[in-house]
Amino acid sequence: MTDSSDSLDRMSRAARTSLFDGVCDPDLLMGLVFSNLMSPALWLFRDKISEKAGAEAGDHQHAVMNEIAHYVNNHFFHLGQKDISDIWGLLDIETEASGDRDGPIRYALDLMVRHNEQRIADGDLDPKNVLKPHVERGKFPEYIYTTLDIIHANRRILQRKKHKPYGITCCADEAILISSLACVLDEVSAGDIMFIGSPEHYTAFIRHSGTMFWFNGKKEFFDSERWAQEVATNTGGDAQRAFDNRMVTIDRVITPRGTFYLRAGQSSIEQDRWQAIRRDLSAFFGVELRQIAEACSNDVTFTHHPLGNVSLDDFDSLQSADDATRLLEGLAADKPGATFEAALVAFRRLNVRNPEAYVVAALREHRAREAAADIDTLDHAIAVVRGIDGRESIFDDRDRLALPDEVLLLNTGTDRDKALLLFALLHHAELGDVPPQLVFCEDDSYVGTGERLISLRTLSDSAGLQGEPLLRYGG
């Protein structure tokens with residue numbers, strides 16, 4: 001691949017970040033943290049949390065962190081592995097583990113399957129969540145890590161569930177959301193957030209006014225005092241055992257300025273910054289964790305990260321979603337291809353440097369590929385799209401794109417969303433000798449194939465494009 005195709009592939013994975021994408025490129029998870037800062041919904045949550053924390057007596061910083069934990073736990077529904085399989089289906093491992101991705105993905109699969117079997121044997125996990133039979137068939141549940149706005153849109157899946165939550169999440173979503181909320185609350189810098197965990201489970205660590213807080217998913221929240229009490233009460237003072245009970249598979253520490261891979265002994269976090277993190281974690285847990293001590297007892301290879309010397313101070317002064325958007329646009333222009341551009345793409349704005357990344361992401365989705373399996377004519381493909389009842393955007397914004405699998409799953413989409421779906425269906429169906437073409441104009445979207453041009457506003461043939469193309473792909 002050329003450098004430009006590498007960048008396009010990376011941005012396509014920012015648009016739709018799978019568990020395996022996060023394994024291969026942890027910076028994409030931090031891109032989702034920054035992407036959430038552009039969501040007005042996050043700032044509404046910020047205001048509610050600040051108001052409630054301000055009404056509490058006692059230490060304000062503890063009140064803020066405690067209220068983040070309380071809010072996320074009460075307003076979001078956590079999905080298990082069986083839920084993921086039932087709702088989003090199963091990925092093909094061979095397709096995912098191509099090229100340079102093979103090694104990291106095979107490692108992650110082995111780690112997750114072994115720990116999954118151990119948890120089931122120990123009685124800590126319902127056997128219906130077993131992974132091994134899927135993996136033996138070359139399949140894996142399709143975990144997609146995403147933004148607050150898509151988390152909210154996905155609540156449609158719950159249909160008539162009583163007391164429907166604001167959205168549905170997995171552990172990585174929760175770590176991302178908690179970190180995003182912390183970034184817009186007082187006295188937390190974007191440089192003060194990090195994830196500790198592994199492909200099997202991610203958790204959020206937040207530094208707030210020099211004090212550390214640990215969010216283990218959405219149900220467990222610890223400051224150092226609560227952690228010490230937990231260790232004393234339930235493991236007889238054995239902090240390592242208390243940690244292993246929650247995260248024995250830890251193999252990485254992820255920050256906005258790089259990742260330390262514990263088992264590989266490789267770090268894109270610069271050395272002085274890593275040593276400060278190491279001290280903070282030891283002080284919090286009351287012991288240096290075995291996994292970290294073992295990693296640091298051997299030679300560690302330190303490499304440069306694109307954001308290693310980039311200041312994150314401007315994030316401290318944000319006051320709105322619009323402020324965040326302007327800041328990220330400027331940073332993305334200065335650092336093309338890095339985390340800030342990934343954040344803009346994850347937000348699904350059409351106005352990004354390479355909107356083609358959305359098409360590349362769309363063509364990797366398996367639900368649309370499966371829907372195309374029986375399509376034998378253009379009219380058949382149009383009928384599939386016509387079967388999507390809703391016309392509204394899942395973002396309430398036509399200038400942000402839903403991908404084909406989301407349109408199929410959530411049964412709604414704008415003309416642009418449906419055009420991308422129709423294009424994907426025709427691409428996979430491989431009808432005729434002429435590949436399909438996708439065109440977005442200001443007021444309509446089109447898919448062309450052979451001598452026919454389909455308007456997605458009317459889902460009928462069009463004599464020609466109306467307006468100048470904003471995006472043209474294929475053909």
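In what follows, every heavy atom counts, from backbone to side chain, and hydrogens, waters and symmetry copies are set aside. In what follows, residues are counted from 1 in the order of the sequence shown.
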Problem - Asp83 and His78 side chains, donor-acceptor separation under 3.5 Å - result: no

Exercise for the section: Return yes if a side-chain donor-acceptor contact under 3.5 Å exists between Arg364 and Ser12, otherwise no. Expected result: yes

Exercise for the section: Please check if the distance between the ring centroids of Phe45 and Tyr166 is under 6.0 Å. Expected result: yes

Problem - Side-chain H-bond candidate by donor/acceptor type, Tyr107 with Asp251, under 3.5 Å - result: yes

Exercise for the section: Answer yes if the ring centres of Phe76 and Tyr71 are under 6.0 angstrom apart, and no otherwise. Expected result: no

Handout entry: Verdict with supporting geometry, Gln81 and Tyr143, side-chain contact (heavy atoms from CB on, under 4.5 Å)
Key = CA-CA 8 Å; Gln81 176 260 307; Tyr143 283 87; 3.3 Å; yes

Problem - side-chain contact (heavy atoms from CB on, under 4.5 Å) between Leu363 and Phe423, intermediate numbers included - result: CA-CA 9 Å; Leu363 296 182; Phe423 176 85; 4.2 Å; yes

Practice task
Give every residue pair that meets the salt bridge (charged side-chain N to carboxylate O under 4.0 Å, His left out) criterion with at least one member in residues 345-358, sequence neighbours excluded.
Solution key: Glu329-Arg349, Glu341-Arg353, Arg348-Glu406

Practice task
Would you check if there is a donor-acceptor pair between the side chains of Thr301 and Gln266 at a distance under 3.5 Å?
Solution key: no

Handout entry: Any donor-acceptor N or O pair under 3.5 Å, side chains Ser198, Thr249
Key = yes

Practice task
Could you note down all residue pairs passing salt bridge (charged side-chain N to carboxylate O under 4.0 Å, His left out) where residues 416-444 supplies at least one of them, sequence neighbours left out?
Solution key: Asp399-Arg416

Handout entry: Test item: side-chain donor near acceptor, Lys218 and Asn73, under 3.5 Å
Key = yes

Problem - Residues His70 and Asn74: side-chain donor-acceptor under 3.5 angstrom - result: yes

Exercise for the section: Evaluate the ring pair (Phe, Tyr, Trp, His ring centres under 6.0 Å) criterion for residues Phe340 and Phe34: first the C-alpha distance (whole Å), next the side-chain angles of each, then the deciding distance (0.1 Å), finally the verdict. Expected result: CA-CA 7 Å; Phe340 304 125; Phe34 291 121; 5.6 Å; yes

Practice task
Apply side-chain contact (heavy atoms from CB on, under 4.5 Å) to Glu468 and Cys441, showing your working.
Solution key: CA-CA 6 Å; Glu468 291 297 315; Cys441 295; over 6 Å; no

Practice task
In plain terms, say whether Asp9 and Arg13 are close enough for a salt bridge, that is, a side-chain N and a carboxylate O under 4.0 Å apart.
Solution key: yes

Problem - Ring-ring centroid check Phe140 Phe20, cutoff 6.0 Å - result: yes

